[in-house]
Visitor: 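Here it is, the structure in full.
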Amino acid sequence: MDTETAFPLIISVDDHTVEPPTVWQDRLPKKYLDTGPRIVRAPLKEMTFLGGRFKPVMGEPGDDGPIGDWWVYEDLHRPITRLDTAVGYSRDEIKLEVITYEQMRPGSYDVPARLADMDVNHVQSALCFPTFPRFCGQTFTEAADHELGLLCVQAYNDWMVEEWCGPQARGRLIPLTLIPLWDAELAAAEVRRNAARGVRAVAFSEIPPHLGLPSVHTDDWDPFLAACDETGTVVAMHIGSSSRMPSTSADAPPAVGSTITFANCCFSMVDWLMSGKFERFPNLKVMYAEGQIGWIPYILERADVVWEENRGWGGVADKVHRPPSELFADHVYGCFFDDAFGLRNLDAIGVGNVLYETDYPHSDSTWPKSREVGEAQMGHLDPGVVERIVRGNAIDLLGLTRDGLWPGGGAR
């Protein structure tokens with residue numbers, strides 16, 4: 001991989017969009033405009049991020065404090081922070097602070113600017129998770145008015161498909177939609193509505209009980225899972241999509257949680273492997289965005305031992321009939337942007353179960369050097385393996401054209 005064109009064009013399965021201010025104001029019925037999501041510019045009173053918990057407090061007009069743009073929805077006040085959109089700033093400049101739209105890189109929210117930043121980073125196509133709705137739409141699940149919440153989910157999905165991934169994206173932006181997590185039947189209907197217009201990925205929580213929702217060991221999610229199984233819609237779970245980042249104590253600094261961000265993915269994957277869902281829904285696929293991959297080999301080894309030796313008293317003998325490692329190979333995808341250890345142990349994970357990402361525009365993003373990082377970490381791999389990791393597996397999983405574009409977005 002030492003020539004100018006040797007490294008394949010990247011298909012990133014985990015980037016992010018910062019929603020433009022008018023996403024919901026342009027789409028909600030007039031009666032909801034004063035309670036639905038809207039941007040308010042206001043000062044910050046205080047903000048902490050300890051023990052995996054983010055706690056911002058919005059000040060009143062005229063108060064002292066740095067000015068930022070805040071999403072206001074029902075009684076929620078959520079600021080846009082530098083951690084939401086950090087690319088273009090040095091690591092030392094990236095701090096937990098409120099910002100305005102003018103203080104972020106335009107590619108965070110503007111499609112032409114995003115495509116230009118993708119070009120700089122050797123990225124052809126990208127799947128983007130939300131910001132204000134949070135990683136699986138839990139903002140709307142936690143709201144008081146679920147009638148409004150459903151309209152907010154649908155409005156986001158319409159914006160995602162019709163504008164963010166619309167004709168001006170030329171197939172280079174891949175839609176990822178949300179569901180109303182509080183109702184599996186409504187969730188199934190929303191999966192089918194979006195699948196009918198070419199969507200092949202939906203966001204979900206890595207550990208639903210952390211959101212006060214049923215676990216994957218119950219039958220509660222079956223209508224939703226059946227819809228995903230029937231439509232070929234991938235269940236995409238991002239770290240933090242259970243509204244609880246891993247940590248060890250209430251006073252642990254963010255560095256502790258940042259080191260163990262993969263932990264929820266690890267717990268979640270074991271849940272799915274021991275749930276029996278992959279045998280009930282044989283076409284179901286799940287992926288773990290930003291979970292990295294180096295931890296996977298040991299978990300598969302341990303899960304196989306438990307299944308082989310302890311499945312009788314372990315409560316899974318009647319629903320998990322194959323070794324978990326086999327189920328993983330057929331149904332689970334790990335996603336990474338910087339994991340040299342995982343790539344050195346790729347044979348224990350599976351070439352077909354790994355996807356690449358850039359995490360634009362977050363503070364962990366490898367932009368604008370995702371290609372260089374990939375070349376450095378994948379230099380020992382066969383070019384055909386690199387091709388699969390960097391784009392081929394994503395093309396197959398997400399139903400893209402052979403050229404790596406989303407066919408519903410005006411690809412050409």
Side-chain angles (χ1 to χ4, degrees), residues 10-28 36-39 69 71 73 78 80 84-85 87 101 104-121 123-137 139-140 151-179 190-191 193-204 233-234 236 238 241 287 289-290 357-362 365 367 394 398-401 404-412:
I10 297 165
I11 298 177
S12 173
V13 297
D14 172 29
D15 285 357
H16 300 265
T17 177
V18 177
E19 298 80 19
T22 59
V23 168
W24 290 277
Q25 292 292 295
D26 285 350
R27 290 169 179 80
L28 290 177
R38 59 206 181 277
I39 285 290
D69 282 333
W71 282 106
Y73 168 46
R78 197 280 193 192
I80 298 175
D84 293 324
T85 171
V87 292
Y101 278 85
M104 68 178 77
R105 194 171 182 87
S108 303
Y109 59 87
D110 178 75
V111 171
R114 172 61 64 95
L115 298 183
D117 278 354
M118 290 162 62
D119 289 341
V120 168
N121 201 31
V123 173
Q124 179 186 29
S125 306
L127 180 85
C128 296
F129 283 82
T131 297
F132 170 69
R134 309 217 299 279
F135 293 143
C136 65
T139 294
F140 305 125
L151 292 173
C152 287
V153 167
Q154 293 170 336
Y156 177 88
N157 291 341
D158 291 344
W159 169 79
M160 168 62 60
V161 175
E162 298 166 7
E163 291 196 32
W164 185 252
C165 300
Q168 66 176 340
R170 304 192 307 276
R172 296 183 62 188
L173 295 173
I174 307 161
L176 172 72
T177 52
L178 304 176
I179 54 170
E190 191 62 11
V191 167
R193 182 176 83 94
N194 292 304
R197 47 185 177 175
V199 177
R200 291 294 177 266
V202 63
F204 190 65
T233 300
V234 180
H238 195 285
S241 57
M287 56 169 270
E290 208 171 327
E357 57 186 43
T358 77
D359 198 30
Y360 179 106
H362 283 183
S365 178
W367 186 92
L398 298 171
L400 307 181
T401 68
L405 302 173
W406 179 53
R412 65 170 184 261

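Residue numbers start at 1 and run along the sequence shown.
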Visitor: Got a second to check how far Leu173's CG is from Trp406's CH2, nearest 0.5 Å?
Guide: 10.0 Å

Visitor: Can you find a side-chain donor-acceptor pair between Gln154 and Asp158 that sits under 3.5 Å?
Guide: no

Visitor: State the CZ-OG1 distance between Arg200 and Thr177, to the nearest 0.5 angstrom.
Guide: 10.5 Å

Visitor: Supply the atom-to-atom distance Glu163 CD to Thr22 OG1, rounded to the nearest 0.5 angstrom.
Guide: 7.0 Å

Visitor: So, does Glu290 use its side chain to make a donor-acceptor pair with the main chain of Asp359 at under 3.5 Å?
Guide: no

Visitor: Which residue, Arg197, Glu162, Glu190, forms the side-chain hydrogen bond (donor to acceptor under 3.5 Å, both in side chains) with Asn157?
Guide: Glu190

Visitor: Would you call Asn194 and Met160 a side-chain contact if the rule is heavy atoms closer than 4.5 Å?
Guide: no

Visitor: Check Glu19 against Thr131 and note the closest heavy-atom contact, atom names and distance.
Guide: OE2-N, 2.7 Å

Visitor: Taking side chain as C-beta onward, heavy atoms only, is Pro130 less than 4.5 Å from Leu178?
Guide: yes

Visitor: Identify, with sequence neighbours excluded, every residue that meets salt bridge (Lys or Arg N to Asp or Glu O under 4.0 Å) alongside Asp84.
Guide: Arg78

Visitor: Only counting residues at least two apart or in another chain, list the ones meeting salt bridge (Lys or Arg N to Asp or Glu O under 4.0 Å) with Arg172.
Guide: Asp119

Visitor: So how far is it from Asp14 CG to Glu357 CD, rounded to the nearest 0.5 Å?
Guide: 4.0 Å

Visitor: Evaluate ring-ring contact (aromatic ring centres under 6.0 Å, His included) for Tyr73 paired with Trp24, printing each intermediate quantity in order.
Guide: CA-CA 10 Å; Tyr73 168 46; Trp24 290 277; 8.1 Å; no

Visitor: What is the minimum heavy-atom distance between Phe140 and Pro133, and which atoms define it?
Guide: CE1-CB, 3.7 Å

Visitor: Any chance you could lay out the side chain to side chain contact (heavy atoms under 4.5 Å, CB included) test for Tyr156 and Thr139, step after step, and finish with the verdict?
Guide: CA-CA 12 Å; Tyr156 177 88; Thr139 294; over 6 Å; no

Visitor: So, using side-chain contact (heavy atoms from CB on, under 4.5 Å) as the criterion, who are the partners of Ala113 when residues are at least two apart?
Guide: Pro106, Asp110

Visitor: With sequence neighbours left out, what residues match Arg38 under salt bridge (Lys or Arg N to Asp or Glu O under 4.0 Å)?
Guide: none

Visitor: Ignoring hydrogens, what is the shortest heavy-atom contact between Cys136 and Ser241? Give both atom names and the distance.
Guide: SG-O, 3.3 Å

Visitor: Between Met287 and Leu127, which heavy-atom pair has the shortest distance, and what is it?
Guide: CE-CD2, 4.2 Å

Visitor: Pick out which of Tyr109, Trp367, Phe135 makes a ring pair (Phe, Tyr, Trp, His ring centres under 6.0 Å) with His16.
Guide: Phe135

Visitor: Can you name the salt bridge (Lys or Arg N to Asp or Glu O under 4.0 Å) partners of Asp117, sequence neighbours left out?
Guide: Arg105

Visitor: Taking all heavy atoms of Asp69 and all of Tyr101, pick out the closest pair and write down the distance.
Guide: OD2-N, 2.9 Å

Visitor: For Thr358, give me all partners under side-chain contact (heavy atoms from CB on, under 4.5 Å), at least two apart in sequence or on another chain.
Guide: Ile10, Ser12, Asp15, Asn121, Val123, Tyr360, Thr366, Ser370

Visitor: Identify the heavy atoms of Ser125 and Ile174 that sit nearest to each other, and give their distance.
Guide: CB-CD1, 4.0 Å

